Trainee: 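The structure under discussion is supplied below as structure tokens; questions concerning it will follow.
What you are looking at is a predicted structure, and each value in this text was computed from that prediction instead of being measured.
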Amino acid sequence: MTENYTALYEEHKKLGASFTDFGGWQMPLKYSSELAEHHAVRNAAGLFDLSHMGEVWVSGPAAGAFLDYALVGKLSAIADGKAKYSLICNADGGIIDDLIVYRFGDEKYLVVPNAGNAPTVAAALAERAADFDVKVEDASAATSLIAVQGPKAEAILLKLTDEAQHALITDLKYYAFNELTIAGHDVILARTGYTGEDGFELFIPNADAADLWAKVAEAGEEFGIIPCGLASRDSLRLEAGMPLYGNELSLERSPFDAGLGPVVALKSKEGDFVGRSALEAAKEAGSKRKLVGLKGLGRRAGRGGYPVLKDGNVVGEVTSGQPSPTLGYPVALAYVDVEHAELGTALDVDLRGKAEPFEVVALPFYKRAK
């Protein structure tokens, strides 16, 4: 597999990051302590390089209608300046990727897929655009994405912004975005994230990324910001009950299995879209297994791939699991047979031959105070 490097790779090396391959990208796993990075995001702020994510622009007179056909949601209904979570499925209803779509106007949208899937999503969108008056442009290689996540994120960005533009940050709602100047750089600033905390994601050309990274880090010093890697990002998103493609989401799973039925606009969207007939059939048939949250009643954590048991019989499989740094007990996401998916159900996870007790609980495991 070809190794890709973000525009911030040298910055991470200087900071002493440990690297890991993620979707073909060399990404920082952690800088010092993944626990310290996790707690920094929950209590102060963390700085993430997300430049491995994709950025695909869709523009033209039929942009909204095209995205309604290419994705499962009704993207034409998004208001300008807002974002929407969606899925791109294949004709069989399997999930190719989950993604976020940002609407800049009737004829301009930005689609942000996950790292390893970005080329696949860009190619699928280009193929599906054949009968529409749209242009699909993959700008992933030219674009960096920096995230500032945590309760101090807003205060840090305000330090880097002229007072005349402060309202563009403070008035920004969740899943909305503005274009403004931060630390002397023109950015797209979105109030989105993957940690369960308040925070922002900043889209910026590669050439400006290192300077913006350094200035955010400097401005955030007094607030306790530290750089964070993929390890803490994973523990944060798990506590927030957010699915990860390749773990909870895949071509073998329908949106209904993953609890993402509301994302599929079967009722609100007229006309055909890719995967519609298969998704209608999947909804009608019902799911055999359902994605649930599991709370560990002991100290040992389940990991992806571990069997879930009921009375010694396998009734599911863990997709993600680890000890929760915030909550102090093990948590896991797992697909379990629907008859054992009710809240409060007692289950076991087979931890390499030893059954450890877990309980089905509501998601998310962690919800920030507002």
Trainee: Do the rings of Tyr9 and Phe19 sit parallel, tilted or perpendicular, given the 30° and 60° boundaries?
Mentor: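 The arrangement is tilted - the two ring planes meet at 30° to 60°.
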
Trainee: So, Glu137 versus Ser59: side-chain donor-acceptor pair below 3.5 Å or not?
Mentor: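 Judged by distance alone, the side chains do not pair up.
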
Trainee: Could you walk me through whether Arg289 and Glu317 pass the salt bridge (charged side-chain N to carboxylate O under 4.0 Å, His left out) check?
Mentor: CA-CA 10 Å; Arg289 281 188 172 176; Glu317 182 176 279; over 6 Å; no

Trainee: Please report the shortest heavy-atom distance between Pro243 and Tyr194, naming the atom on each side.
Mentor: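 Closest heavy-atom pair between Pro243 and Tyr194: O-OH, 2.6 Å.
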
Trainee: Does atom CG of Asp272 have more than 12 heavy-atom neighbours from other groups under 6.0 Å away?
Mentor: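 Yes, the 6.0 Å shell around CG holds more than 12 heavy atoms from other groups.
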
Trainee: Arg128 side chain to Phe66 main-chain N or O, any donor-acceptor pair under 3.5 Å?
Mentor: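 Pair absent, no side-chain N/O of Arg128 close to backbone of Phe66.
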
Trainee: For the CD1 atom of Ile204 and the OG1 atom of Thr143, what is their distance to the nearest 0.5 Å?
Mentor: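 It is 10.5 Å, given to the nearest 0.5 Å.
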
Trainee: With the threshold set at 4.0 Å, does a side-chain nitrogen-carboxylate oxygen contact exist between Asp80 and Arg103?
Mentor: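 Salt bridge flag = yes for Arg103 with Asp80.
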
Trainee: Please work out whether the ring planes of Trp213 and His12 are parallel, tilted or perpendicular, with thresholds of 30° and 60°.
Mentor: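 Taking His12 first and then Trp213, their aromatic rings stand perpendicular (interplane angle over 60°).
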
Trainee: Taking the side chain as everything from C-beta on, heavy atoms only, tell me whether Arg42 gets closer than 4.5 Å to Glu239.
Mentor: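 They are in contact (side-chain heavy atoms under 4.5 Å apart), so the answer is yes.
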
Trainee: Specify the closest pair of heavy atoms between Ala129 and Val136, including all atoms of both residues, with the distance to one decimal.
Mentor: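 What the structure gives for the nearest pair is CB-CG2, 3.9 Å.
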
Trainee: Any idea which heavy atoms bring Glu222 and Lys159 closest together, and the distance?
Mentor: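 Here Glu222 and Lys159 meet closest at OE2-NZ, 2.7 Å.
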
Trainee: Looking only at non-hydrogen atoms, find the nearest pair between Leu251 and Tyr245 and report the distance.
Mentor: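 Leu251 and Tyr245 have their closest heavy atoms at N-OH, 3.5 Å.
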
Trainee: Could you go step by step and tell me if Lys310 and Glu339 meet the salt bridge (charged side-chain N to carboxylate O under 4.0 Å, His left out) rule?
Mentor: CA-CA 11 Å; Lys310 181 67 177 179; Glu339 57 265 36; over 6 Å; no

Trainee: Is there a side-chain contact between Ile188 and Phe104 in this structure, where contact means two heavy atoms from C-beta onward sitting under 4.5 Å apart?
Mentor: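 Yes - at least one pair of side-chain heavy atoms lies under 4.5 Å apart.
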
Trainee: Does Asp162 use its side chain to pair, donor to acceptor, with the backbone of Ala164 at less than 3.5 Å?
Mentor: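 No; judged by distance alone, with no hydrogens or angles, the pair does not exist.
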
Trainee: Do the numbers put Lys135 on top of the ring of Trp57, so that NZ or CZ is under 6.0 Å from the six-membered ring centre and no more than 45° off the axis?
Mentor: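 No, a cation-pi geometry is absent between Lys135 and Trp57.
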
Trainee: Kindly assign one of parallel, tilted or perpendicular to the pair Trp25 and His52, based on the angle between their ring planes and the thresholds 30° and 60°.
Mentor: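 Geometry flag for His52 against Trp25: perpendicular rings.
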
Trainee: Looking only at side-chain N and O atoms, does Thr319 offer a donor or acceptor that is under 3.5 Å from a partner on Asn247?
Mentor: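 Looking only at side-chain atoms, Thr319 and Asn247 do not form any donor-acceptor pair under 3.5 Å.
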
Trainee: List the steps and the verdict of salt bridge (charged side-chain N to carboxylate O under 4.0 Å, His left out) for Lys215 and Glu218.
Mentor: CA-CA 5 Å; Lys215 285 177 176 171; Glu218 184 181 357; over 6 Å; no

Trainee: Please determine, by modelled atom types, if His38 and Thr326 share a side-chain donor-acceptor pair under 3.5 angstrom.
Mentor: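 Looking only at side-chain atoms, Thr326 and His38 do form a donor-acceptor pair, the distance falling under 3.5 Å.
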
